[in-house]
Visitor: 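Got a structure for you, written out below as structure tokens; questions coming shortly.
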2 protein chains.
Amino acid sequence: MSNHTHSAFCCPDHSGAQGAASILAQAEMRARTMGLRLTPVRLRTLEMLIAAHGAMGAYDVLEQLSAEGYGTQPPVAYRALNWLVEHGFAHRIRRLNAFTACAHPAQDHAAAFLICDRCDSVTEAPAGAVTAALTEAAIAAGFALDRATIEAVGRCNTCAGHPS
Amino acid sequence: MSNHTHSAFCCPDHSGAQGAASILAQAEMRARTMGLRLTPVRLRTLEMLIAAHGAMGAYDVLEQLSAEGYGTQPPVAYRALNWLVEHGFAHRIRRLNAFTACAHPAQDHAAAFLICDRCDSVTEAPAGAVTAALTEAAIAAGFALDRATIEAVGRCNTCAGHPS
DNA sequence: CCTTGACTGTTATGATATAACGTAAGATAG
DNA sequence: CTATCTTACGTTATATCATAACAGTCAAGG
Ligand SMILES: [Zn+2]
Ligand SMILES: [Zn+2]
Ligand SMILES: [Zn+2]
Ligand SMILES: [Zn+2]
């Protein structure tokens, strides 16, 4: 999974050391202010996700963690990843069975994900309006919405116009 | 998966023999007019999904198919299910790793799914407005949207107000 | 007839995810 | 400072979900 390489331009969110550092800084700040324990495994996992561009499968994460001396078994990766997702540092991309760093860990936000079907890049887009519309639809159906998964598939800016 | 039983009121879409028969009729009509081959395995699979209320996992489907004398191996179920999804007779619910019959197979439509986190019921809701908002967000990000997965998690009408 | 393509079935394997349990490190209370 | 409680980490083992690859069937069309 996510064994592709794509242009940095695919991922405005994570582009450049500066973007990555900024995301990481926001995340660490948030962990501190909220009293969340961003332990070494969790931190390394988050760093990996940020560096990855696009999404990483749990077993990709595990492989790296294992190579760095952490645990070698799936629960190690899944625990770190699930914790990051639960606390808003990462998102799960269900279509790809993968995970991606949150691009805006400082703020609470509803996110939609734009998944390129050519290069597998994943972009986090603000989804306030989308969520509002979904809430409407839910209310109309007598459904009390708690949270939602919104994943779009199509062509990213970079891949648009290419064949296949 | 989907080894629960829930009230018929959970599923307005599929409720009663009449709703189910109607969905099936619409589907058969559509298959005929579009020249799609709704073969026995596919038909049985669709009937099962319609009867199931909520979503069925591929292996649930396989078990039933197998019991009815069809193939006994996973590809049998996955092929039927994927075909139904590709041709608009069913939808895949990624959050549940499961499949559900389309409630409106007669028309092309963008759908959102309302998944109850208490009873696992799945309701198909019209998602025109949601998709419009998502398209907006995609355009703003320079992304050419092809299709989307929209899944909401919360409490269905029937389960609302219950504890746990 | 005989090819062609769509469909069904099989075996085998790959990929994703969690249950259950023991140990260690941190926080809290006495 | 220690006993205790809790959280986190690591392991083994297993469950669950999904596909690759190939063989047999059958109907349509030359
Ligand atoms: Zn985010
Ligand atoms: Zn792309
Ligand atoms: Zn539908
Ligand atoms: Zn419910």
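Throughout, a chain's letter reflects where its sequence line sits, starting with A, and its residues are numbered from 1.
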Visitor: If you check every side-chain atom of A/Arg79, which of C/dT18, D/dA18, D/dT11 has the closest atom?
Guide: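 My answer, after comparing the listed nucleotides, is D/dT11.
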Visitor: So for B/Tyr59 and D/dA15, does any side-chain atom that can act as donor or acceptor lie under 3.5 Å from a complementary atom in the base?
Guide: no
Visitor: For DNA chain D, which residues of residues 36-45 of chain A approach it to below 4.0 angstrom with any heavy atom?
Guide: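 Per residue number, the list reads A/Arg37, A/Thr39, A/Val41, A/Arg42.
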Visitor: Hydrophobic clusters here meaning ILVMFWY residues chained together by side-chain heavy-atom distances under 4.5 Å, can you tell me if A/Leu43 and A/Trp83 are in one?
Guide: yes
Visitor: Can you confirm if the NZ or CZ of A/Arg30 lies within 45° of the ring axis of A/Phe89 and under 6.0 Å from the centre of its six-membered ring?
Guide: yes
Visitor: Scan residues 65-74 of chain B against DNA chain C and write down, sorted by residue number, each residue with any heavy atom closer than 4.0 Å; if none is found, say none.
Guide: B/Tyr70, B/Gly71, B/Thr72, B/Gln73
Visitor: May I ask you to decide whether B/Arg94 forms a salt bridge with B/Glu151, counting only side-chain N to carboxylate O separations under 4.0 Å?
Guide: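 Here B/Arg94 does not pair with B/Glu151 in a salt bridge, since their nearest N and O are not under 4.0 Å apart.
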Visitor: May I ask you to test the A/Glu124-A/Thr100 pair for a side-chain heavy-atom distance under 4.5 Å?
Guide: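 Side chain of A/Glu124 against side chain of A/Thr100, heavy atoms only: no contact under 4.5 Å found.
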Visitor: Does B/Ile93 reach the side chain of B/Ile115, with side-chain heavy atoms less than 4.5 Å apart?
Guide: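 Sidechains of B/Ile115 and B/Ile93: in contact.
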Visitor: Salt bridge between B/Asp146 and A/Arg155, side-chain N to carboxylate O under 4.0 Å?
Guide: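 No, this pair does not count.
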Visitor: Please check if the side chain of B/Asn82 supplies one atom and the backbone of B/Arg79 the other of a donor-acceptor pair under 3.5 Å.
Guide: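 Not at all, since once roles are kept as given, no pair shorter than 3.5 Å links the two residues.
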Visitor: Could you check whether A/His91 and A/Phe113 have their ring centres less than 6.0 Å apart?
Guide: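 Ring-ring flag for A/Phe113/A/His91: true, centres closer than 6.0 Å.
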Visitor: For B/Arg92, report the nucleic acid contact type (base, sugar-phosphate, nothing); a contact means any heavy atom under 4.0 Å.
Guide: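 Answer is sugar-phosphate: B/Arg92 comes under 4.0 Å of backbone atoms only.
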Visitor: Any side-chain N or O of B/Tyr78 less than 4.0 Å from the OP1 or OP2 oxygen of D/dA18?
Guide: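 Answer is yes, contact under 4.0 Å.
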Visitor: Nearest to the side chain of A/Asn97 - C/dA19, C/dT16, D/dC17?
Guide: C/dT16
